[in-house]
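To start, the structure itself, in structure tokens.
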Amino acid sequence: MTAAILGFALFSLLVAMAPGPDTLLVLRNCLRGGRRTGTATALGAAVGSLAWGVAAAFGLAAALQRWDTAFTVVRLVGAAYLVFLGAQALWAHRPRRGAAAVRVAAEEEPAPAGRAPGAPEAFRQGLLSCLLNPKVGVFFVAVVPQFLPEDGSPFGTTLLFGVVDAVVAAAWMVLVAVCAARMVSWLRRPRVNRNLERVTGGVLVALGVGAAAETV
């Protein structure tokens, strides 16, 4: 059983380290509100992952995967949410006429990265980003059986793996938030900030459009 848990934890870490919407949100909110906001986003995403683990244990994730209409609806809602967040960032940092005249004088001063979300809002964003991503549920349905020991209860072990995955995801994304917070003074320089917001906004939009296109 211990070997199965360690193996699953390592696999979960590798998956968590792959860049995705949750990591982008953590970086974006950390840039806007600092370590506390980034950490709240990370914890929200981890709770969302735990919810998918519980759903997998009760068979809901597998049922959702088989029910094409529901799966498509969840994916489209999640895609729309990503597009909304990305478009919001792009709109807030759109090029403005006359901005170049004052840019040089302010270039070395830290710039506000848009309205910083509070911890509850950041937590909610991370939670929704994960809950509205049915691929997390598919991950549990497809991967967990590969690690289930023969002498264990599938229900209890799946719940345990859900907790393990949530803890691993939270630890990794909180580490990302802490590292990003240490660089926040540089990241908040106007030019760097504008470029990062536009890049993360564009990537979120692209991820949302890509997720929606997969349903067609």
Side-chain angles (χ1 to χ4, degrees), residues 1-27 29-30 37-79 81-82 85 119-178 207-208 211 214-215:
M1 184 65 175
T2 301
I5 294 174
L6 292 176
F8 181 78
L10 177 59
F11 189 85
S12 296
L13 177 61
L14 294 176
V15 172
M17 291 174 67
D22 295 341
T23 305
L24 283 175
L25 279 179
V26 169
L27 289 172
N29 285 344
C30 189
T37 304
T39 300
T41 309
L43 294 177
V47 171
S49 178
L50 177 59
W52 275 114
V54 173
F58 281 95
L60 298 178
L64 179 64
Q65 186 182 15
R66 291 192 297 268
W67 189 9
D68 291 340
T69 301
F71 187 87
T72 299
V73 168
V74 172
R75 174 175 283 181
L76 287 176
V77 172
Y81 185 65
L82 291 178
L85 291 177
E121 181 181 352
F123 180 90
R124 184 170 62 252
Q125 288 181 357
L127 177 65
L128 288 177
S129 173
C130 189
L131 285 180
L132 295 176
N133 184 3
K135 289 184 177 180
V136 181
V138 174
F139 163 79
F140 280 102
V141 173
V143 174
V144 166
Q146 313 301 321
F147 292 90
L148 288 177
E150 295 182 359
D151 58 345
S153 165
F155 177 81
T157 305
T158 302
L159 281 179
L160 177 59
F161 282 175
V163 173
V164 170
D165 181 73
V167 171
V168 169
W172 169 253
M173 287 188 289
V174 167
L175 178 62
V176 170
V178 170
L207 288 171
E214 290 180 12
T215 65

Residues Ser129 and Asp22: side-chain donor-acceptor under 3.5 angstrom: yes
Distance, nearest 0.5 Å, that separates CG of Leu127 from CG of Leu50: 10.5 Å
Please round to the nearest 0.5 Å and tell me the distance separating atom CZ of Phe123 and atom CG of Asn29.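 Those atoms lie 13.0 Å apart.
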Would you confirm whether Thr41, through its side chain, and Thr37, through its main-chain N or O, come within 3.5 Å as a donor-acceptor pair?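 Checking the backbone N and O of Thr37 against the side chain of Thr41, a donor-acceptor pair under 3.5 Å is found.
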Residue pair [X] / [Y]: nearest heavy atoms and the distance that separates them:
X      : Y      : answer
Trp52  : Asn133 : NE1-O, 3.6 Å
Ser12  : Val168 : C-CG1, 4.0 Å
Thr158 : Gly53  : CG2-O, 4.0 Å
Ala16  : Thr23  : O-OG1, 4.1 Å
Val26  : Met173 : CG1-O, 3.7 Å
Ala177 : Cys30  : O-SG, 3.2 Å

Asp165 vs Phe8 side-chain heavy atoms within contact, under 4.5 Å: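 Heavy-atom side-chain distance check passes, below 4.5 Å.
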Determine whether Leu159 and Val163 make a side-chain contact, defined as any pair of heavy atoms from C-beta on separated by less than 4.5 Å.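 No, side chains not in contact.
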